There are 2 protein chains.
Amino acid sequence: MTGKLVAAELKRKGFKLTPQRRAIIGVISQSQEHLTPADIYAKLKAKHRGIGLVTVYRALNMLERSGMLCEVHIGDTCRSYLKRPSGHHHHLVCKGCGKVVDFSDCELDDLEQRVTQDTGFRIDRHLLEFLGRCPECQAGRRGKS
Amino acid sequence: MTGKLVAAELKRKGFKLTPQRRAIIGVISQSQEHLTPADIYAKLKAKHRGIGLVTVYRALNMLERSGMLCEVHIGDTCRSYLKRPSGHHHHLVCKGCGKVVDFSDCELDDLEQRVTQDTGFRIDRHLLEFLGRCPECQAGRRGKS
DNA sequence: GCCTAATTGAAAATGATTTTCATCCATAAC
DNA sequence: GTTATGGATGAAAATCATTTTCAATTAGGC
């Protein structure tokens, strides 16, 4: 989600690029962590005065419908934690600092095939996330838990 | 979660097995699908008169803290959908009827090791779910979506 | 610059979940 | 057998997240 690209993408889909949205996208793309709507709102209030939490929610919904965001499920909370890129990928979440690293080679095809054979399900989609502790959080006794 | 076992387990942990809890556990263990608190409450009101939604929430929290329930993340909703067993396992969710089938041979050790090498993370836990359509829902055009 | 439809913010509405509190009930203590 | 005790219950209220409503504003094409 590199500012420019998103801008172009938004235009292509007929959305307007307002200063508020620009700011919201900025916050998300600069953060290595997954952020809740409230997190984003908090970061925004510091700089851009007068932005509403409602606008954050609306922007997030729009960006998610456009496939420019994705959720993180594992960890303390679950619902509507968000993050960056697109394309098939999975998350490796640090439970110390919340940082999220992506990886894409999930190699679940074999398993998927076996499960399909065993159960007769037709599988559409999978959700895979790892939870752990990043090198920094292992070293310094940073973070929660 | 076979009635008897849960009863014993609850006693062991110092919880009381009240008629309400018995009913709640009954509903959950009889269902093949994942149920929200509201779902459970609805099923209960039919039979056991006068039970409160609050009690359902409290029972669910207790059962979850005791490790007798687990959440389902994938699908329409995410938060606090619940289901049965214990031990390391994963879910195969039917997006037609909501049925959930378990499987345990996830074979993610190799992948985990590789990710650990690449990133330096120490991995504690993973979340893996498949979403698909069960044989019945493939045959009859049952369910949503 | 003007027009239109999309966007915004505040307040209200909604929905889910938790807390409070008085009451109830089973059990252990006497 | 009665009494104290603590956990459990239900109703109502409180809280928190999210969505809707609505009037005012603004981006982007003309």
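Given the structure is predicted, the values throughout are model-derived calculations rather than measurements. In what follows, chains carry the letters A, B, and so on, assigned in the order in which the sequence lines appear, proteins first and then strands, with residues in each chain numbered from 1.
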Under 4.0 Å protein heavy-atom contacts per nucleotide of nucleotides 20-30 of chain D, with B for base, S for backbone only and - for none: BB-----BS--
Separation of N61(A) atom CG from dA17(D) atom P, in whole Å? 16 Å
Return the set of residues passing side-chain hydrogen bond (donor to acceptor under 3.5 Å, both in side chains) with R65(B) (not counting sequence neighbours), or none when no residue passes. none
I want to verify a distance call: between dT8(C), dT19(D), dT17(C), whose nearest atom is closest to the P37(B) side chain? dT17(C)
Atom pairs and distances, side-chain donor-acceptor, residues 15-27 of chain A, under 3.5 Å, sequence neighbours left out:
| residue | atom | partner | partner atom | Å |
| --- | --- | --- | --- | --- |
| T18(A) | OG1 | R21(A) | N | 3.2 |
| R21(A) | NH1 | K16(A) | O | 3.0 |

Between dT8(C) atom P and Y41(A) atom OH, what is the distance in whole Å? 14 Å
Just do the salt bridge (charged side-chain N to carboxylate O under 4.0 Å, His left out) check on D124(A) and R133(B) with the steps written out, would you? CA-CA 8 Å; D124(A) 295 346; R133(B) 210 165 254 280; 5.5 Å; no
From CG of L53(B) over to P of dT18(C), roughly how many Å is that when rounded to an integer? 10 Å
5'-most contact on DNA chain D: A38(A) or G52(B), nearest heavy atom basis? G52(B)
Under a 3.5 Å distance rule, please check whether E129(B) uses its side chain to pair with a backbone N or O of H73(B) as donor and acceptor. yes
Using side-chain hydrogen bond (donor to acceptor under 3.5 Å, both in side chains) as the criterion, list what pairs up with E112(B), not counting sequence neighbours. H126(B)
Taking only the side-chain nitrogens and oxygens of R21(A), find out if one of them lies under 4.0 Å from OP1 or OP2 of dA6(C). no
Write down the distance between NZ (K13(B)) and P (dG7(D)), rounded to a whole number of angstrom. 17 Å
Nearest-Å distance, CG (L44(B)) to C1' (dT9(D))? 14 Å
Kindly write out the residues that satisfy salt bridge (charged side-chain N to carboxylate O under 4.0 Å, His left out) with E107(B), not counting sequence neighbours, or none if the list is empty. R114(A)
To the nearest angstrom, how far is E71(A) atom CD from dT18(D) atom C1'? 14 Å
Check every strand shown and say whether G14(B) touches a base, only sugar-phosphate, or nothing at a heavy-atom separation below 4.0 Å. nothing
For Y57(A) and dT19(D), is the shortest distance between a side-chain N/O and OP1 or OP2 below 4.0 Å? no
Near-ring test F130(B)/F103(B), centroid separation under 6.0 angstrom: yes
Rounded to the nearest angstrom, tell me the gap between atom CD1 in I51(B) and atom P in dT9(D). 8 Å
Five-pair end axes of the helix from dG1(C)-dC30(D) to dC30(C)-dG1(D) and the angle they enclose, rounded to 10°: 30°
Atom NZ of K13(A): over 12 foreign heavy atoms under 6.0 Å: yes
Identify which one of E33(B), E136(B), H34(B), Q32(B) satisfies the side chain to side chain donor-acceptor pair (under 3.5 Å) criterion when paired with K99(B). E136(B)
Taken to the nearest whole Å, CZ/R65(A) to P/dA6(C) is 13 Å
